[in-house]
Amino acid sequence: DNNIGPARNFQFLLNQAETDYFMWAGDDDYRSPDFIEQMIKSLLENPHASVAFCDFIAVDESDNKIENYPNFYSKMKFFVNNNRVLRLLSYFNQKEKFGKANLIYGLMRSRCIPDFNPFSFSKYGGDMHFVYRLLANGPAVICDKKLYKSAVGNVKFHTKNDFENGKFYKNIMIISQFCEYVFHYIKISPASIKPLIILLIPMKIISLTFNAIFLPFLLNKLSSVRG
(Lines give C-alpha, C1' and ligand atoms only; values in the text may rest on other atoms or scores of the structure.)
Protein backbone atom coordinates (compact mmCIF):
# COMPACT_ATOMS: atom_id res chain seq x y z
CA ASP A 1 0.00 0.00 0.00
CA ASN A 2 1.15 3.52 -0.76
CA ASN A 3 1.39 6.23 1.88
CA ILE A 4 -0.83 8.95 0.38
CA GLY A 5 -0.35 11.42 3.23
CA PRO A 6 -2.86 12.84 5.74
CA ALA A 7 -4.69 15.20 3.36
CA ARG A 8 -5.51 12.61 0.68
CA ASN A 9 -6.16 9.96 3.34
CA PHE A 10 -8.73 12.17 5.03
CA GLN A 11 -10.56 12.71 1.75
CA PHE A 12 -10.31 9.01 0.87
CA LEU A 13 -11.97 8.03 4.15
CA LEU A 14 -14.73 10.59 3.66
CA ASN A 15 -15.39 9.28 0.15
CA GLN A 16 -15.72 5.72 1.48
CA ALA A 17 -18.16 6.61 4.25
CA GLU A 18 -21.72 5.46 3.62
CA THR A 19 -23.05 5.55 7.17
CA ASP A 20 -25.03 8.07 9.22
CA TYR A 21 -21.95 8.85 11.32
CA PHE A 22 -18.28 9.39 10.58
CA MET A 23 -15.19 9.56 12.76
CA TRP A 24 -11.57 10.16 11.90
CA ALA A 25 -9.01 8.60 14.29
CA GLY A 26 -5.46 9.81 14.79
CA ASP A 27 -2.93 7.01 15.24
CA ASP A 28 -1.37 8.61 18.33
CA ASP A 29 -4.59 9.40 20.20
CA TYR A 30 -6.53 7.26 22.67
CA ARG A 31 -10.28 6.73 23.01
CA SER A 32 -12.06 4.99 25.84
CA PRO A 33 -13.70 1.68 24.81
CA ASP A 34 -17.14 3.27 25.28
CA PHE A 35 -16.30 6.46 23.38
CA ILE A 36 -18.36 5.63 20.28
CA GLU A 37 -21.30 4.35 22.33
CA GLN A 38 -21.38 7.56 24.36
CA MET A 39 -21.06 9.77 21.27
CA ILE A 40 -23.88 8.00 19.41
CA LYS A 41 -26.06 8.35 22.49
CA SER A 42 -25.29 12.09 22.58
CA LEU A 43 -26.20 12.53 18.90
CA LEU A 44 -29.43 10.55 19.25
CA GLU A 45 -30.43 12.75 22.19
CA ASN A 46 -29.54 15.91 20.26
CA PRO A 47 -30.87 15.48 16.70
CA HIS A 48 -29.75 18.94 15.58
CA ALA A 49 -26.11 18.48 16.66
CA SER A 50 -23.46 18.15 13.97
CA VAL A 51 -20.77 16.51 16.11
CA ALA A 52 -20.43 14.79 19.46
CA PHE A 53 -17.25 15.00 21.48
CA CYS A 54 -16.14 14.78 25.10
CA ASP A 55 -13.87 16.32 27.65
CA PHE A 56 -10.26 15.22 27.13
CA ILE A 57 -6.73 15.59 28.35
CA ALA A 58 -3.54 16.41 26.48
CA VAL A 59 -0.66 13.98 26.97
CA ASP A 60 2.90 13.71 25.73
CA GLU A 61 4.33 10.76 23.82
CA SER A 62 4.92 8.91 27.11
CA ASP A 63 1.25 9.31 28.10
CA ASN A 64 2.04 11.91 30.77
CA LYS A 65 -0.58 14.60 31.24
CA ILE A 66 0.54 18.04 30.06
CA GLU A 67 -0.39 20.36 32.89
CA ASN A 68 -0.19 23.79 31.23
CA TYR A 69 -3.30 23.35 29.10
CA PRO A 70 -6.66 24.88 30.10
CA ASN A 71 -9.85 23.09 31.11
CA PHE A 72 -10.93 21.91 27.66
CA TYR A 73 -14.51 21.12 28.65
CA SER A 74 -15.23 24.68 29.77
CA LYS A 75 -13.84 26.03 26.48
CA MET A 76 -15.82 23.64 24.26
CA LYS A 77 -19.12 24.47 25.98
CA PHE A 78 -19.26 27.65 23.90
CA PHE A 79 -19.83 25.51 20.80
CA VAL A 80 -23.11 23.96 21.97
CA ASN A 81 -24.97 27.24 21.54
CA ASN A 82 -28.05 26.84 19.32
CA ASN A 83 -27.55 30.34 17.94
CA ARG A 84 -25.35 29.82 14.87
CA VAL A 85 -23.90 33.35 14.82
CA LEU A 86 -22.84 33.24 18.47
CA ARG A 87 -21.53 29.70 18.06
CA LEU A 88 -19.33 30.56 15.09
CA LEU A 89 -18.09 33.82 16.57
CA SER A 90 -17.13 31.95 19.74
CA TYR A 91 -15.18 29.44 17.70
CA PHE A 92 -13.42 32.07 15.60
CA ASN A 93 -12.46 34.18 18.61
CA GLN A 94 -11.31 31.34 20.84
CA LYS A 95 -7.55 30.92 21.07
CA GLU A 96 -6.18 28.09 18.98
CA LYS A 97 -4.12 26.75 21.89
CA PHE A 98 -7.35 25.97 23.77
CA GLY A 99 -7.73 22.78 21.72
CA LYS A 100 -10.73 23.70 19.58
CA ALA A 101 -9.29 21.77 16.61
CA ASN A 102 -9.79 18.50 18.51
CA LEU A 103 -13.49 18.45 17.69
CA ILE A 104 -12.39 17.05 14.33
CA TYR A 105 -11.82 13.76 16.22
CA GLY A 106 -15.41 13.65 17.43
CA LEU A 107 -18.23 11.56 15.99
CA MET A 108 -19.81 13.56 13.17
CA ARG A 109 -23.23 13.35 11.66
CA SER A 110 -22.45 12.54 8.02
CA ARG A 111 -25.05 14.90 6.54
CA CYS A 112 -23.41 17.80 8.38
CA ILE A 113 -19.85 17.17 7.17
CA PRO A 114 -18.43 20.08 5.10
CA ASP A 115 -17.75 19.35 1.45
CA PHE A 116 -14.07 20.22 1.45
CA ASN A 117 -10.80 18.62 2.51
CA PRO A 118 -9.50 20.52 5.55
CA PHE A 119 -5.84 19.88 4.77
CA SER A 120 -5.76 20.60 1.06
CA PHE A 121 -5.38 24.37 1.04
CA SER A 122 -3.64 25.54 4.21
CA LYS A 123 -0.37 24.66 5.93
CA TYR A 124 -1.89 25.73 9.24
CA GLY A 125 -5.42 25.55 10.61
CA GLY A 126 -7.20 23.35 8.09
CA ASP A 127 -8.64 21.22 10.88
CA MET A 128 -10.07 24.33 12.56
CA HIS A 129 -11.62 25.50 9.28
CA PHE A 130 -13.26 22.11 8.97
CA VAL A 131 -14.71 22.22 12.49
CA TYR A 132 -15.90 25.79 11.91
CA ARG A 133 -17.87 24.69 8.84
CA LEU A 134 -19.14 21.66 10.74
CA LEU A 135 -20.46 23.94 13.47
CA ALA A 136 -22.12 26.10 10.83
CA ASN A 137 -24.29 23.07 10.09
CA GLY A 138 -25.27 22.44 13.71
CA PRO A 139 -24.07 22.81 17.29
CA ALA A 140 -21.75 20.43 19.06
CA VAL A 141 -22.82 18.25 21.94
CA ILE A 142 -20.09 17.78 24.55
CA CYS A 143 -19.98 14.92 27.06
CA ASP A 144 -18.39 15.87 30.39
CA LYS A 145 -16.59 12.53 30.72
CA LYS A 146 -12.89 12.35 29.83
CA LEU A 147 -13.04 9.64 27.16
CA TYR A 148 -10.23 10.88 24.91
CA LYS A 149 -6.51 11.62 25.15
CA SER A 150 -4.89 13.93 22.64
CA ALA A 151 -1.20 13.25 22.07
CA VAL A 152 0.76 16.49 21.86
CA GLY A 153 4.27 15.29 21.20
CA ASN A 154 5.36 17.19 18.12
CA VAL A 155 6.82 20.69 18.19
CA LYS A 156 4.82 22.77 15.69
CA PHE A 157 6.55 25.36 13.54
CA HIS A 158 4.27 28.12 14.77
CA THR A 159 5.28 27.71 18.42
CA LYS A 160 9.01 27.97 17.97
CA ASN A 161 10.87 31.09 19.01
CA ASP A 162 13.07 31.90 16.06
CA PHE A 163 13.93 35.47 17.02
CA GLU A 164 16.74 34.32 19.26
CA ASN A 165 18.27 32.49 16.31
CA GLY A 166 17.92 35.49 14.01
CA LYS A 167 15.51 33.66 11.69
CA PHE A 168 13.63 36.76 10.68
CA TYR A 169 12.54 35.33 7.33
CA LYS A 170 10.93 32.32 8.99
CA ASN A 171 8.91 34.58 11.27
CA ILE A 172 7.66 36.46 8.22
CA MET A 173 6.53 33.14 6.76
CA ILE A 174 4.75 32.27 10.01
CA ILE A 175 2.87 35.57 9.94
CA SER A 176 1.99 34.95 6.29
CA GLN A 177 0.55 31.54 7.18
CA PHE A 178 -1.44 33.05 10.04
CA CYS A 179 -2.89 35.60 7.62
CA GLU A 180 -3.81 32.85 5.15
CA TYR A 181 -5.45 30.89 7.96
CA VAL A 182 -7.46 33.83 9.31
CA PHE A 183 -8.56 35.26 5.96
CA HIS A 184 -9.86 31.86 4.86
CA TYR A 185 -12.58 32.23 7.48
CA ILE A 186 -14.15 34.87 5.26
CA LYS A 187 -14.45 32.40 2.39
CA ILE A 188 -16.02 29.64 4.47
CA SER A 189 -18.30 31.77 6.66
CA PRO A 190 -22.06 31.92 6.06
CA ALA A 191 -23.11 35.20 4.43
CA SER A 192 -24.82 36.41 7.60
CA ILE A 193 -21.59 36.33 9.58
CA LYS A 194 -19.00 37.44 7.00
CA PRO A 195 -19.12 41.18 7.94
CA LEU A 196 -18.48 40.36 11.61
CA ILE A 197 -15.57 38.07 10.75
CA ILE A 198 -14.03 40.78 8.57
CA LEU A 199 -14.22 43.24 11.47
CA LEU A 200 -12.56 40.78 13.85
CA ILE A 201 -9.72 39.71 11.54
CA PRO A 202 -7.14 42.42 12.43
CA MET A 203 -7.29 41.64 16.15
CA LYS A 204 -7.16 37.92 15.43
CA ILE A 205 -3.95 38.24 13.41
CA ILE A 206 -2.37 40.49 16.05
CA SER A 207 -3.27 38.01 18.80
CA LEU A 208 -1.90 35.01 16.91
CA THR A 209 1.34 36.78 16.03
CA PHE A 210 1.89 38.16 19.52
CA ASN A 211 1.28 34.84 21.29
CA ALA A 212 3.30 32.71 18.88
CA ILE A 213 6.28 34.96 18.21
CA PHE A 214 6.61 38.10 20.31
CA LEU A 215 5.46 36.77 23.70
CA PRO A 216 7.93 33.83 23.77
CA PHE A 217 10.67 36.22 22.67
CA LEU A 218 9.86 38.68 25.47
CA LEU A 219 9.58 35.95 28.10
CA ASN A 220 12.92 34.52 27.03
CA LYS A 221 14.57 37.92 27.30
CA LEU A 222 13.08 38.50 30.76
CA SER A 223 14.31 35.08 31.84
CA SER A 224 17.80 35.91 30.59
CA VAL A 225 17.84 39.20 32.50
CA ARG A 226 16.74 37.52 35.74
CA GLY A 227 19.31 34.78 35.22
Colleague: Check whether any side-chain heavy atom of Tyr132 lies under 4.5 Å from a side-chain heavy atom of Ile197, and answer yes or no.
Modeller: yes

Colleague: Taking side chain to side chain donor-acceptor pair (under 3.5 Å) as the test, write out the residues that go with Asn68, two or more places apart.
Modeller: none

Colleague: Of all the heavy-atom pairs spanning Arg111 and Pro47, show the shortest one and how long it is.
Modeller: NH2-O, 3.1 Å

Colleague: Which heavy atom of Lys204 sits nearest to which heavy atom of Val182, and what is that distance?
Modeller: CG-CG2, 3.8 Å

Colleague: Would Phe210 end up clustered with Phe98 when hydrophobic side chains under 4.5 Å apart are linked, directly or stepwise?
Modeller: no

Colleague: Do Leu208 and Leu199 sit in the same hydrophobic cluster, where Ile, Leu, Val, Met, Phe, Trp and Tyr count as joined when their side-chain heavy atoms come under 4.5 Å apart?
Modeller: no

Colleague: Please give me the minimum heavy-atom distance between Phe92 and Lys100, naming the atom from each residue.
Modeller: O-NZ, 3.5 Å

Colleague: More than 12 heavy atoms of other residues, nucleotides or ligands under 6.0 Å from OH of Tyr21: is that the case?
Modeller: yes

Colleague: Give, for atom OG of Ser189 and atom NE2 of His129, the distance between the pair rounded to the nearest 0.5 Å.
Modeller: 9.0 Å

Colleague: Give the other cluster members for Ile206, using side-chain heavy-atom distances under 4.5 Å between Ile, Leu, Val, Met, Phe, Trp and Tyr residues; answer none if it is isolated.
Modeller: Met203

Colleague: Does atom CD (Glu18) have a neighbourhood of more than 12 heavy atoms from anything else shown, all under 6.0 Å?
Modeller: no

Colleague: Only distances under 3.5 Å count here; give the side-chain donor-acceptor pairs of residues 134-147 to other protein atoms, sequence neighbours excluded, each with its distance to 0.1 Å.
Modeller:
from, atom 1, to, atom 2, distance (Å)
Asn137, ND2, Cys112, O, 2.8
Asn137, ND2, Arg133, O, 3.4
Lys146, NZ, Asp55, OD2, 3.0

Colleague: Would a 4.5 Å heavy-atom cut-off, applied to side chains only, mark Tyr69 and Ile57 as touching?
Modeller: no

Colleague: Does some side-chain heavy atom of Arg31 sit less than 4.5 Å from a side-chain heavy atom of Met23?
Modeller: yes

Colleague: Using ring-ring contact (aromatic ring centres under 6.0 Å, His included) as the criterion, list what pairs up with Phe79, not counting sequence neighbours.
Modeller: Tyr91

Colleague: Does the side chain of Val131 come within less than 4.5 Å of Asp127's, by heavy atoms?
Modeller: no

Colleague: The test is side-chain contact (heavy atoms from CB on, under 4.5 Å); show your working for Leu43 and Asp20 and say whether it passes.
Modeller: CA-CA 11 Å; Leu43 288 174; Asp20 292 335; over 6 Å; no

Colleague: Dump the intermediate steps for side-chain contact (heavy atoms from CB on, under 4.5 Å) on Phe72 and Asn102, then the final yes or no.
Modeller: CA-CA 10 Å; Phe72 294 115; Asn102 281 279; 5.5 Å; no

Colleague: I'd like to know whether Ile205 forms a side-chain contact (heavy atoms from CB on, under 4.5 Å) with Phe183, so could you lay out the CA-CA distance, the side-chain angles of the two residues, the decisive distance to 0.1 Å, and finally the verdict.
Modeller: CA-CA 9 Å; Ile205 293 175; Phe183 276 101; 3.7 Å; yes

Colleague: Check whether any side-chain heavy atom of Leu200 sits under 4.5 Å from a side-chain heavy atom of Leu89, and report yes or no.
Modeller: yes

Colleague: Test: side-chain hydrogen bond (donor to acceptor under 3.5 Å, both in side chains). Region: residues 34-50. Which pairs qualify, not counting sequence neighbours?
Modeller: Ser32-Asp34

Colleague: Determine whether Leu86 and Phe78 make a side-chain contact, defined as any pair of heavy atoms from C-beta on separated by less than 4.5 Å.
Modeller: no

Colleague: Kindly write out the residues that satisfy side chain to side chain donor-acceptor pair (under 3.5 Å) with Tyr148, not counting sequence neighbours, or none if the list is empty.
Modeller: Asp29

Colleague: Is there a side-chain contact between Glu96 and Phe178 in this structure, where contact means two heavy atoms from C-beta onward sitting under 4.5 Å apart?
Modeller: no

Colleague: Rounded to the nearest 0.5 Å, what's the gap from CD1 on Ile40 to CZ on Arg109? Could you check?
Modeller: 10.5 Å

Colleague: For Met128 and Ala101, work out which heavy atoms get closest and say how close.
Modeller: CG-CB, 3.5 Å

Colleague: If you count heavy atoms of other groups shown closer than 6.0 angstrom to CD1 of Ile36, is the number above 12?
Modeller: no

Colleague: Using 30° and 60° as the class boundaries, would you call the ring planes of Tyr181 and Tyr124 parallel, tilted or perpendicular?
Modeller: perpendicular

Colleague: Looking at side-chain heavy atoms only, is the closest gap between Leu88 and Pro190 below 4.5 Å?
Modeller: yes

Colleague: Evaluate the criterion ring pair (Phe, Tyr, Trp, His ring centres under 6.0 Å) for residue pair Tyr105 and Phe53; output intermediate values, then yes/no.
Modeller: CA-CA 8 Å; Tyr105 296 114; Phe53 198 48; 7.8 Å; no

